[in-house]
Undergrad: 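One structure follows; several queries about it will come next.
Please read all numbers here as calculations on a predicted model, not as lab measurements. Proteins get letters first, then strands, A, B, ... in listed order; numbering begins at 1 in each. Values below: every heavy atom of this structure, side chains too, minus hydrogens, waters and symmetry copies.
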Amino acid sequence: MKQDKLKEVAGYPDSMSGRDMHYCPGCTQGIIHRLIGEVIDELKIKEETIGIAPVGCAVLAYDYFDIDMQEASHGRAPAVATGIKRVHPDKMVFTYQGDGDLASIGTAEIIHAANRGEKITTVFVNNAIYGMTGGQMAPTTLLGQKTKTTPRGRSSEETGNPLKVSEMLSMLDGAAYIVRVSTHDLENINKTKQAIKKAFKVQQQGLGFALVEVLSTCPTNWGLSPRQAMEWLEKNMIPEFPPRVFCAPEGVDEL
Amino acid sequence: MGEKKLMKGNEAIAEAAIRAGCRYFFGYPITPQNEIPAYMSRRLPEEGGVFLQAESEVAASNMVYGAAGAGARVMTSSSSPGISLKAEGISYIAAAELPCVIVNMMRGGPGLGGIEPSQSDYFQATKGMAHGNFHLLVMAPSSVQEGVDLMSQAFDLADKYRGPVMLLGDGMIGQMMEPVEFPEKIDPTELPPKEWATDGARGREKNVINSLYLDPDVLENLNWKLQEKYEQMQREDVKYEEYHMEDAVVAVIAYGTAARIALDAVQAAREDGIRVGLIRPITLFPFPEQVIARASAQVDAFLTTELSTGQMVEDVRLAVKGRTPVFFHGRPGGNMLTPEELLEEIKKIRGEVQ
Ligand SMILES: Cc1ncc(C[n+]2csc(CCOP(=O)(O)OP(=O)(O)O)c2C)c(N)n1
């Protein structure tokens with residue numbers, strides 16, 4: 001039979017459900033989900049991983065992964081993850097959170113989870129806006145950026161400056177691995193996957209709290225086409241949020 | 001049952017939780033319940049459990065959500081302002097149908113209020129805890145021993161209904177010392193497995209703990225399912241106690257600390273020849289409405305007394321349905337009711353209805 005010769009070169013990771021996603025064209029959440037799925041497969045931890053979905057565009061993440069999931073209330077994913085991890089310290093627990101979720105309503109929860117050195121992994125999607133509620137200002141919104149609630153552009157005098165979550169968290173002793181990556185091109189997407197994989201391994205080895213800040217797009221609420229959104233991210237977000245490793249445990253490169 | 005020990009209410013209730021198989025506690029300090037987290041922080045590690053002081057009550061209740069969803073016997077405790085913050089997590093816990101136990105040692109409110117005993121959170125506990133159509137099963141002990149006994153049942157009830165159970169006390173129940181006996185310890189590893197829990201999908205379909213239902217039919221069904229649980233509670237798990245009701249012509253209704261004071265007043269009234277009895281709701285939700293409805297055919301008047309400006313009295317009126325006059329006498333907490341003032345009240349009412 002001819003089909004025997006066909007070799008699958010790409011497909012859904014086993015740890016993903018394969019359900020159609022609801023994300024807008026040009027939004028990189030689907031890519032980030034997939035990278036997590038690939039990492040879970042490669043580390044062979046599908047049956048021991050529990051994910052926490054946020055409130056935000058990724059609220060339905062529990063539909064897209066084929067693993068145990070809990071849906072948290074807005075911003076509380078790190079607290080929910082703490083509850084799960086304390087009950088099952090031998091399991092892998094990760095949160096997936098947007099910038100409104102993590103850096104606004106959930107700032108207390110993320111700081112204290114990091115400070116406790118909670119052995120969880122957080123994937124933090126920074127798209128500089130509130131996507132799900134229709135494009136309001138996020139703590140990470142750039143100065144001058146127009147949103148539904150900053151119609152004249154964000155001014156630092158009125159609303160402060162873009163919040164640097166990774167910079168802040170990396171000051172904490174409990175934070176083992178804090179890294180910022182981007183999804184605007186293939187090279188950076190590959191780096192994102194490596195960072196997510198390391199962040200899971202840091203947890204696996206019990207080294208402490210790990211967070212990967214992923215710069216992401218929101219073409220719909222930025223009012224741009226998918227391609228323009230990638231370019232906007234590269235041109236405007238990268239200078240404000242430079243991708244780099246903020247802290248890493250010794251020997252992380254061998255992980 | 002072992003020997004009797006003299007213990008503070010808060011500590012006795014904490015020990016009872018451990019004996020009932022609770023191994024996880026997430027909380028935040030607030031008077032008058034601080035002995036509970038302190039006791040748990042000492043005892044839980046000895047039992048192989050986890051105590052964690054959360055960064056806030058908001059975080060604590062969401063940690064409880066996570067741990068309950070992961071299949072554990074888990075609890076938190078707080079007092080009035082802290083319960084307001086826990087309300088977020090509790091609404092999600094109810095919606096996701098997760099079993100857990102919450103202790104509320106009420107203090108006076110509103111706002112920061114005071115730290116003295118009060119019963120001003122009856123509405124919050126039984127009706128308006130947070131957004132959505134849900135209730136907690138609420139039990140109110142009136143002695144330290146009863147706190148222990150109710151705590152011993154609380155986790156089983158939480159599992160039975162897959163929902164939050166609240167032990168509602170006040171500063172008095174939490175702080176006073178009384179002799180108590182404890183039941184035998186149960187081994188939480190021998191409890192029936194929770195097949196719905198998220199503990200890693202090993203060789204099974206994935207489990208999801210969730211409260212988001214975008215499909216209106218699914219959401220409606222969840223609401224009716226919760227409602228069905230509350231009806232089942234009303235059929236199967238109402239608890240109350242009656243004192244001197246056989247020949248009573250006036251019934252005092254009080255719960256928790258107020259019921260202790262009311263009982264003194266009832267006994268004093270009996271000595272004065274007034275046929276008065278006491279109905280003491282132990283479950284506040286489900287409320288013992290049938291026993292009160294039955295009593296309304298017997299007595300000439302009800303006197304509801306609370307350490308509040310009148311909250312449970314609304315449920316009494318609903319149960320009585322206008323058949324019998326319902327009076328109220330209360331103080332909003334901080335300052336205590338006295339048996340003497342209640343006795344005066346009973347005499348006044350006796351005069352009025354005669
Ligand atoms: C307590 C509470 N407040 C507000 C909301 C409304 N809400 C839903 S999503 C969201 C913003 C999420 O933004 P972000 O975390 O940046 O994620 P994104 O949608 O961009 O992925 C808000 C405010 C809510 N669901 N719950």
Undergrad: Determine the option with the most heavy-atom pairs under 4.5 angstrom with chain A, choosing from S61(B), A96(B), G200(B).
TA: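 Winner by heavy-atom pair count: G200(B).
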Undergrad: Is Y65(B) close to chain A through its backbone or its side chain, or both, or neither, when contacts mean heavy atoms under 4.5 Å?
TA: both
Undergrad: Return the NE2 to OG distance between H112(A) and S56(B), rounded to the nearest 0.5 Å.
TA: 8.0 Å
Undergrad: Within a 6.0 Å radius of atom CD1 on I115(B), are there more than 12 heavy atoms belonging to other residues, nucleotides or ligands?
TA: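 Open.
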Undergrad: With distance as the sole test, does K91(A) use its side chain to make a donor-acceptor pair with the main-chain N or O of D199(B) at under 3.5 Å?
TA: yes
Undergrad: Would you say that T82(A) contacts N62(B) through its side chain, given a criterion of any heavy-atom pair below 4.5 Å between the two side chains?
TA: no
Undergrad: Check whether V208(B) gets within reach of chain A through its side chain, its backbone, both or neither, counting any heavy atom under 4.5 Å.
TA: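 V208(B) touches chain A through backbone and side-chain heavy atoms alike.
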Undergrad: Do you know which of R116(A), K85(A), E48(A), M92(A) has the most heavy-atom pairs under 4.5 Å to chain B?
TA: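 Of the candidates given, the most pairs with chain B belong to R116(A).
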Undergrad: Can you name the nearest heavy-atom pair linking S73(A) to E88(B), along with the distance?
TA: OG-OE1, 3.0 Å
Undergrad: Report yes if the side chains of V87(A) and R23(B) come closer than 4.5 Å at any heavy-atom pair, otherwise no.
TA: no
Undergrad: Could you look at D63(A) and say if it's the side chain, the backbone, both or neither that has a heavy atom under 4.5 Å from chain B?
TA: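 Answer is backbone: N, CA, C or O of D63(A) sit under 4.5 Å from chain B.
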Undergrad: Quick check: do V58(B) and R76(A) have side-chain heavy atoms less than 4.5 Å from each other?
TA: yes
Undergrad: Under 4.5 Å heavy-atom distance to chain A, tell me which part of A60(B) shows up: side chain, backbone, both or neither.
TA: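 A60(B) has no heavy atom closer than 4.5 Å to chain A.
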Undergrad: Does F51(B) have more than 12 heavy atoms from other residues, nucleotides or ligands lying within 6.0 Å of its CZ?
TA: yes
Undergrad: If you tally heavy-atom pairs under 4.5 Å against chain A, which of A54(B), G71(B), A70(B) wins?
TA: A70(B)
Undergrad: May I ask you to check whether over 12 heavy atoms, not counting those of E46(B), lie within 6.0 Å of atom CD?
TA: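 Check passes, neighbour count above 12.
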Undergrad: Can you name the closest pair of heavy atoms from A197(B) and D68(A) and give their distance?
TA: O-OD2, 3.8 Å
Undergrad: For the atom pair NZ (K46(A)) and CZ (R202(B)), what is the distance rounded to the nearest 0.5 Å?
TA: 12.0 Å
Undergrad: Sort out for me which of G49(B), G69(B), A68(B) touches chain A most, counting heavy-atom pairs under 4.5 Å.
TA: G69(B)
Undergrad: Flag the one option from G83(A), G106(A), A53(A), A77(A) with the top tally of heavy-atom pairs under 4.5 Å to chain B.
TA: G83(A)
Undergrad: Which bit of I111(A) comes within less than 4.5 Å of chain B, counting heavy atoms only: side chain, backbone, both or neither?
TA: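 No part of it gets close to chain B.
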Undergrad: Is a side-chain N or O of Q70(A) found less than 3.5 angstrom from the main chain of G66(B), in a donor-acceptor match?
TA: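 Indeed, once roles are kept as given, a pair shorter than 3.5 Å links the two residues.
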Undergrad: Under 6.0 Å from the CG atom of N161(A), do we count more than 12 heavy atoms belonging to anything else shown?
TA: yes
Undergrad: Looking at E47(A) and R204(B), is there a salt bridge between them, counting it only when a charged N and a carboxylate O are closer than 4.0 Å?
TA: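 No, no charged N to carboxylate O under 4.0 Å.
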Undergrad: Quick one: are K206(B) and F65(A) in side-chain contact, heavy atoms under 4.5 Å?
TA: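 When only atoms from C-beta onward are counted, F65(A) and K206(B) do not touch, as no gap falls below 4.5 Å.
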Undergrad: If we only count heavy atoms from C-beta on, is the Y62(A) to I209(B) side-chain gap below 4.5 Å?
TA: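 The answer is no; the side chains never approach within 4.5 Å.
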Undergrad: Just so I understand: if I count every heavy-atom pair under 4.5 Å between each of T198(B), L214(B), L52(B), L212(B) and chain A, which residue has the most?
TA: T198(B)
Undergrad: Please list, in residue-number order, every residue in residues 17-41 of chain A that has a heavy atom less than 4.5 Å from any heavy atom of chain B; write 'none' if there are none.
TA: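 Near chain B, by residue number: none.
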Undergrad: Please flag which part of I67(A) lies under 4.5 Å from any non-hydrogen atom of chain B: side chain, backbone, both or neither.
TA: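 Backbone of I67(A) only, per the 4.5 Å heavy-atom cut-off to chain B.
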Undergrad: Identify, with sequence neighbours excluded, every residue that meets side chain to side chain donor-acceptor pair (under 3.5 Å) alongside T217(A).
TA: none
